S.K.: 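Please read through the structure below; I'll follow up with questions.
As the structure is a prediction and not an experimental result, all values here were calculated from the model. All values below come from the heavy atoms of this structure, side chains included, with hydrogens, waters and symmetry mates left out.
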Number of protein chains: 2
Amino acid sequence: MARWQPNASERLILAALELFEERGYENTTVIEIAERAGLTKSTFFRHFPDKREVLFGGDTMAGLLAKGIAEAPATATPLDAVAHALDVVGKEVFTPDRREFAARRLAVIAAHPELQEREALKGLGLTASMADALTRRGVPGLTASVAAQLGALAMKIAYERWSATTGGDDFGELARQTITDLRAAGTLC
Amino acid sequence: MARWQPNASERLILAALELFEERGYENTTVIEIAERAGLTKSTFFRHFPDKREVLFGGDTMAGLLAKGIAEAPATATPLDAVAHALDVVGKEVFTPDRREFAARRLAVIAAHPELQEREALKGLGLTASMADALTRRGVPGLTASVAAQLGALAMKIAYERWSATTGGDDFGELARQTITDLRAAGTLC
DNA sequence: GATCTGATGGGACTTGGTCCCATCACCATA
DNA sequence: TATGGTGATGGGACCAAGTCCCATCAGATC
C-alpha cells in the first residue's frame, strides 16, 4: 500500500460517488470512502471540510460566473450577460468528459435530502455572485437580483438537460436556449 | 422540577434562539438548549429532528402557499395568484406578534452557514410547492417555475422588510408591493 | 547521506443523532 | 381509593461526523 499516490481528491470523490450509488449516502461511512480510496479518515477531512462537500468540488464556479458576467459586452442586457457567463462555465467546467459524472452525481443528490441541502446553499452562493457581478455592471439592485435568480434557474435546468443528453451537446448552447425559454415564460407572469 | 409543563416546543425554540444569540450556533450544545428549557436531550430530539430545525418550525408554510394559490381567482395571473398566497401567509403565520421573533431569527440565521443551508432547502420546498400549485391551475411548466421562483424571491425580500419594520406593517401588503417591484425589474432583463 | 517539507496515519476527544427502556403525570374507570 | 392505560419525559448506551494533535514516511534538496 504505497503512500503518496497522486490524485487523492479525485480518488476520494469517485469512491464516494460509487458508495453512495451502492448503499446510499447515509449508509456510507467516511471511513469506508477513505478505505476504498486507499486512504484514511484523517486524510478525507484534509481534502474536504465535511462528508457532503465531496460531491461539490471547490467554489470555482462563483468566480467563473462573476468573470463571465464582467466580460460580457457592455451592450448586453442582464440576462445576456448571464448567458455569456454560462457559456464560459460550459467551456471551462462542464466539458463533455464530465457529462457522465454529472449525471451520476445528480442522481445521487436527488435521492438524499442532506445533499440537496448543500446544493441549495451552493445555489444561493452562485445567485449572490451573479447578482453582485451584475450590479458592478451598473444594473440596478432588484433587476440584478431577478436576473441572477433566473440565471440560477436556467443553469439548474440546463445542467439537468445537459447531463441527460447522450453526449455531444454543448452546455453553453443548452443554457442559451434555456434562457430564451425562461424569457418567454417570464412574459406570461 | 415539575414535569409536564406545557409548551415544551415553544420553550425549546426560545431557549435555542437566546443561546444562539449569546454564544453563537456552533458554540451551543443541544444539551444546553434542553437544560435552559428545563428538559433533556432526549426530549429535544423528540420535538425536532435535528438541531437546525428548532428555528424552522413545521412545514405548514408549503401547504399554506399551495392553498393560497389554489384559492386565487381564476382570472389571476400566476404572479397575482402568488401574491394572494403571500397574503394568506401574512394573515395566518406572519402575524404582528411574531415580528420581533422573526427579526431575531433572521439575525441568527444570517450569522451561521449551517442555518442558511437549512433555510435554502426550505426555500426549495416552498418554490416547488408553489410551482406545483400553479401547474394545477393550468399554468404551463416553465412559466410556473419562473413565477414560483419570483414568488420565493418576493417572499424572502418581503420577510426581511417586514421583520425590519418597527411594527404595524402588514406582511401581505409588503409582499404585494415587492411583487410589483419585481415585475418592473423583470421587464428590464 | 543528512535535512527539510508536505502529505499521510492514527488515536483521543466532543458533539449530533438514534435507540431502547424505565419512569412519571394525568385520566378514566371500577 | 385504587387500578390500569396512555403519552410525554428521563437516562444511558451506542454510532458516526468532525476536530485536534502528534508521529511517521516519501520525496526533493543540498
Side-chain angles (χ1 to χ4, degrees), chain A residues 1-20 22-58 108-109 111-119 121, chain B residues 1-20 22-59 108-109 111-119 121-122:
Chain A
M1 49 163 81
R3 277 190 183 188
W4 242 245
Q5 291 193 336
N7 305 326
S9 290
E10 282 77 2
R11 270 154 49 214
L12 286 168
I13 293 172
L14 191 59
L17 182 62
E18 290 173 359
L19 285 168
F20 293 166
E22 293 171 13
R23 342 182 171 168
Y25 174 83
E26 51 270 353
N27 291 325
T28 302
T29 278
V30 169
I31 295 182
E32 294 169 339
I33 299 173
E35 275 176 357
R36 178 168 296 203
L39 297 167
T40 65
K41 181 183 162 191
S42 296
T43 305
F44 179 94
F45 285 112
R46 217 168 270 122
H47 285 269
F48 304 99
D50 58 50
K51 185 181 169 187
R52 308 172 174 191
E53 196 69 13
V54 72
L55 286 190
F56 296 86
V108 170
I109 292 176
H112 302 285
E114 280 199 49
L115 294 172
Q116 293 169 33
E117 201 168 20
R118 177 56 51 85
E119 189 173 61
L121 183 63
Chain B
M1 51 161 80
R3 277 190 183 186
W4 243 244
Q5 290 193 335
N7 305 325
S9 289
E10 283 77 1
R11 270 153 50 212
L12 286 167
I13 294 172
L14 191 57
L17 182 61
E18 289 173 359
L19 285 167
F20 293 167
E22 293 171 13
R23 343 182 169 166
Y25 174 82
E26 52 269 353
N27 291 324
T28 301
T29 278
V30 169
I31 295 183
E32 293 170 339
I33 298 173
E35 277 176 355
R36 178 167 296 203
L39 296 167
T40 66
K41 181 186 164 190
S42 296
T43 305
F44 179 95
F45 285 111
R46 218 168 270 123
H47 285 270
F48 304 99
D50 58 50
K51 183 182 170 189
R52 307 173 173 189
E53 196 68 14
V54 71
L55 286 189
F56 296 86
D59 292 327
V108 169
I109 293 176
H112 301 284
E114 279 199 51
L115 295 173
Q116 293 168 34
E117 202 168 20
R118 177 57 50 87
E119 189 173 61
L121 183 63
K122 296 286 182 178

S.K.: Rounding to a whole Å, what distance do you find between Tyr25(B):OH and dT15(C):C1'?
M.R.: 11 Å
S.K.: Could you state the CD-C1' distance from Glu32(B) to dG17(C), rounded to the nearest angstrom?
M.R.: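 Result: 17 Å.
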S.K.: Roughly how far, to the nearest 0.5 Å, is CD of Glu32(B) from CG of Asn27(B)?
M.R.: 9.0 Å
S.K.: Can you tell me the distance, in whole Å, between the CD atom of Glu117(A) and the P atom of dA17(D)?
M.R.: 16 Å
S.K.: Both Asp50(A) and Ser42(B) contact DNA chain D. Which one's nearest nucleotide lies toward the 5' end?
M.R.: Ser42(B)
S.K.: In this structure, how many angstroms lie between the P atom of dG16(C) and the CD atom of Glu114(B), rounded?
M.R.: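 After rounding, the reported distance stands at 9 Å.
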S.K.: If you look at every strand shown and take non-hydrogen atoms under 4.0 Å, does Leu39(B) touch a base, only sugar-phosphate, or nothing?
M.R.: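 Counting heavy atoms under 4.0 Å across all strands, the contact made by Leu39(B) is with sugar-phosphate only.
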S.K.: What's Thr43(B) touching, base or sugar-phosphate or nothing? Going by heavy atoms closer than 4.0 Å.
M.R.: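 Sugar-phosphate only.
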S.K.: Nearest 0.5 angstrom please: Leu12(B) CG to Phe48(B) CZ, how far?
M.R.: 5.5 Å
S.K.: With rounding to the nearest 0.5 angstrom, report the CD1 to NZ distance, Ile33(B) to Lys51(B).
M.R.: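 Going from CD1 on Ile33(B) over to NZ on Lys51(B), the span is 6.0 Å.
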S.K.: To the nearest 10°, give me the bend of the helix from dG1(C)-dC30(D) to dA30(C)-dT1(D), comparing the axes of its five terminal pairs at either end.
M.R.: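 The end-segment axes of the helix from dG1(C)-dC30(D) to dA30(C)-dT1(D) are tilted 0° relative to each other.
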S.K.: With a 3.5 Å cut-off and just heavy-atom distances, do the side chain of Lys41(B) and the base of dG17(C) make a donor-acceptor pair?
M.R.: yes
S.K.: Report yes or no: is there a donor-acceptor pair, N or O only, under 3.5 Å between the side chain of Arg46(B) and the base of dG10(D)?
M.R.: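 Counting by modelled atom types and ignoring angles, a donor-acceptor contact under 3.5 Å is found here.
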S.K.: Just to be sure I understand the rule, does Ser9(A) reach a base, reach only the sugar-phosphate, or reach nothing, if contact means heavy atoms closer than 4.0 Å?
M.R.: nothing
S.K.: If you round to the nearest 0.5 Å, how far is CG of Leu17(B) from CD of Glu22(B)?
M.R.: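 Output value for this atom pair is 9.5 Å.
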S.K.: Just how far is it from atom CZ of Phe45(B) to atom OG1 of Thr40(B), taken to the nearest 0.5 Å?
M.R.: 10.5 Å
S.K.: Give a yes/no on whether any side-chain N or O of His47(A) is located under 4.0 angstrom from OP1 or OP2 of dT8(C).
M.R.: yes
S.K.: Do the side chains of Glu53(B) and Lys122(B) get close enough for a salt bridge, i.e. N-O under 4.0 angstrom?
M.R.: yes
S.K.: Output the single nucleotide from dG10(C), dA17(D), dT18(C) whose closest atom is nearest the side chain of Lys51(A).
M.R.: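 Nucleotide nearest to Lys51(A)'s side chain: dA17(D).
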S.K.: Starting at atom CD of Glu26(A), determine the distance to atom P of dT18(C), rounded to an integer number of angstrom.
M.R.: 11 Å
S.K.: Just verifying a value: how many Å separate His112(A) NE2 and Thr28(A) OG1, rounded to the nearest 0.5 Å?
M.R.: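 Taking NE2 in His112(A) and OG1 in Thr28(A), the distance rounds to 7.5 Å.
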